**Q** 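Just dropping this structure here.
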Amino acid sequence: MSVVRTRFAPSPTGFLHLGGARTALFSWAYARRHGGTFVLRIEDTDVARSTPEAVRAILDAMAWLGLGYDEGPHYQMRRMDRYRAVIADMLARGLAYHCWMSTAELDELRSRQMAAGEKPRYDGRWRPENVAARGLVPPEGVAPVVRFRNPDGGVVAWDDRVKGPIEFANAELDDLVIARPDGTPTYNFCVVVDDLDMRITHVIRGDDHVNNTPRQINIFRALGHEPPVFAHVPTVLGEDGQKLSKRHGAVSVMEYEAAGYLPEAMVNFLARLGWAHGDDEVFGSREFAAWFDLDAISPSPSRFNTDKLHWVNQEHMKRMGASELGARLVPYLERAGLDPAAGPDPGEVALLLRDRVRTLVEMADAAHYFYTAPHPSRERIAEHLTEASRPAVKGIADAFADLPWTREAIGERLKSEAKKHGLKPPQLFMPLRVLVAGTPQTPSLDAVLVLIGRDAVRARIAAGLAN
Ligand code: GLU
């Protein structure tokens with residue numbers, strides 16, 4: 001029986017950006033790969049910065065990417081009683097102790113240590129044995145913090161599934177504050193209680209948490225448990241190799257939805273940021289989940305690449321069935337102010353346009369003339385509709401009245417009509433494109449005409465000729 005349990009634990013202080021989405025994707029995929037459970041936990045204890053809008057934004061982005069969770073969302077703010085109970089228990093068992101050191105005293109200690117060239121760290125003065133030895137008396141009217149009693153010697157080590165063996169000397173770690181003077185638990189402590197209670201077996205998270213891990217491991221062990229497996233995923237860098245900035249990918253995943261990327265492409269793109277499966281470049285979520293392994297995550301940072309994202313999006317558009325791609329195009333047509341019911345089947349339109357565009361936004365933009373009559377300017381018409389081509393355009397408009405409305409019949413007739421008037425095909429095709437589509441750049445003219453429909457085509461040519 002599989003016991004893999006992973007979690008994604010975002011802090012709802014903003015939208016879900018690329019790095020966060022990739023962490024979620026990896027945690028999701030690992031659970032799926034092993035038939036395990038994927039838990040969603042909202043780490044909302046930073047009350048000043050957490051918002052319900054951010055929670056919503058994270059849930060929306062996960063839903064868009066198709067990252068379904070099996071348990072949760074658990075909210076840390078709803079688990080306060082549990083954290084308090086664990087703290088009380090740790091105090092009772094001597095695993096934690098009260099510390100009354102004031103900020104002024106801490107500052108004083110810190111400057112002294114720094115002056116002596118030492119790393120500033122709490123000196124354990126309120127550890128029970130020191131209190132007894134020094135006869136310390138808790139000051140009146142001051143609320144203490146609770147500190148975890150960190151092991152004094154030795155090392156804390158783990159075999160990171162991405163970064164390999166990592167080791168910290170306990171001498172580097174001071175006694176962590178696990179509850180503030182008002183009794184609220186602190187971040188590193190809540191994470192451990194949650195990961196224990198939620199029986200998490202694999203912690204997959206950003207490598208900005210590597211420094212928290214030794215402290216968390218010590219708390220796991222103090223509570224009588226072996227820690228889970230850790231896999232710290234390197235950061236995603238911007239196109240320029242610098243930290244992701246607002247201009248390079250540090251935007252909400254949902255902005256990619258707005259920009260017309262398919263969620264399938266986004267998942268594929270995110271999966272390839274720092275992970276590879278042989279030479280496979282284009283794949284779906286299901287394949288990804290079947291292939292995903294922590295050992296194949298690269299220990300060095302990956303780079304965001306817009307060209308790659310465009311390419312992957314195009315590949316997914318090409319692989320998608322017409323009706324599915326058409327259904328995806330519909331909301332973008334609507335956002336572009338078009339009525340999808342006022343023209344041809346969006347699936348057919350998508351098939352015709354997909355090799356020429358990079359995103360669904362570009363596709364909707366290129367699809368205007370299928371859903372609304374163009375109004376080419378007189379100058380534009382005059383550029384293409386010359387004295388030489390005008391009779392041929394008139395002739396084809398007449399022929400269109402009773403021609404079988406198929407690509408083959410239209411294609412044949414276009415060529416013969418051009419020939420009849422002594423024109424090269426483009427000399428007829430260009431003015432027709434401008435009259436019917438408003439632009440000389442369209443996919444294959446016969447296909448475009450078929451989709452626009454006989455009546456609309458004839459009406460547009462007539463309007464143009466009357467100009
Ligand atoms: N809440 C943390 C964050 O958003 C993640 C904590 C964890 O994964 O352990 O960075």
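Only a predicted model underlies this, so the values are computations on that prediction, with no experimental measurement involved. What's counted below: heavy atoms across the whole structure, side chains too, no hydrogens, waters or symmetry copies. Remember, it's 1-based here, ligands and their atoms both numbered in the order they're listed.
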**Q** Within a distance under 4.0 Å of any heavy atom of Glu43, pick out the atoms of ligand 1 and give their elements.
**A** 1 (N), 2 (C), 5 (C), 6 (C)
**Q** At what distance, to the nearest 0.5 angstrom, does CZ of Arg125 lie from SG of Cys99?
**A** 8.0 Å
**Q** Could you check which of Gln76, Arg7, His209 puts a non-hydrogen atom nearest to atom 3 (C) of ligand 1?
**A** His209
**Q** I need the nearest protein heavy-atom contact for atom 5 (C) of ligand 1: residue, atom name and distance, please.
**A** Ala9 O, 3.2 Å
**Q** Hey, is Lys318 close enough to Glu315 for a salt bridge, meaning N to O under 4.0 Å?
**A** yes
**Q** Can you tell me the protein heavy atom closest to atom 6 (C) of ligand 1 and the distance?
**A** Tyr187 OH, 2.9 Å
**Q** Glu118 and Arg112: salt bridge (charged side-chain N to carboxylate O under 4.0 Å, His left out), yes or no, with the steps?
**A** CA-CA 9 Å; Glu118 293 165 21; Arg112 197 146 40 81; over 6 Å; no
**Q** Enumerate the atoms of ligand 1 whose separation from the nearest heavy atom of Ser11 is less than 4.0 angstrom.
**A** 1 (N), 2 (C), 3 (C), 4 (O)
**Q** So is Phe8 touching ligand 1 or not, going by heavy atoms under 4.0 Å?
**A** no
**Q** Checking ring-ring contact (aromatic ring centres under 6.0 Å, His included) between Phe269 and each of Phe304, Trp275, Tyr256, which is the one that passes?
**A**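 Option passing the ring-ring contact (aromatic ring centres under 6.0 Å, His included) with Phe269: Phe304.
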**Q** Knowing that exactly one of Val233, Thr213, Thr6 qualifies, which makes a side-chain contact (heavy atoms from CB on, under 4.5 Å) with Arg205?
**A**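 Result: among Val233, Thr213, Thr6, Thr213 is the only option passing the side-chain contact (heavy atoms from CB on, under 4.5 Å) with Arg205.
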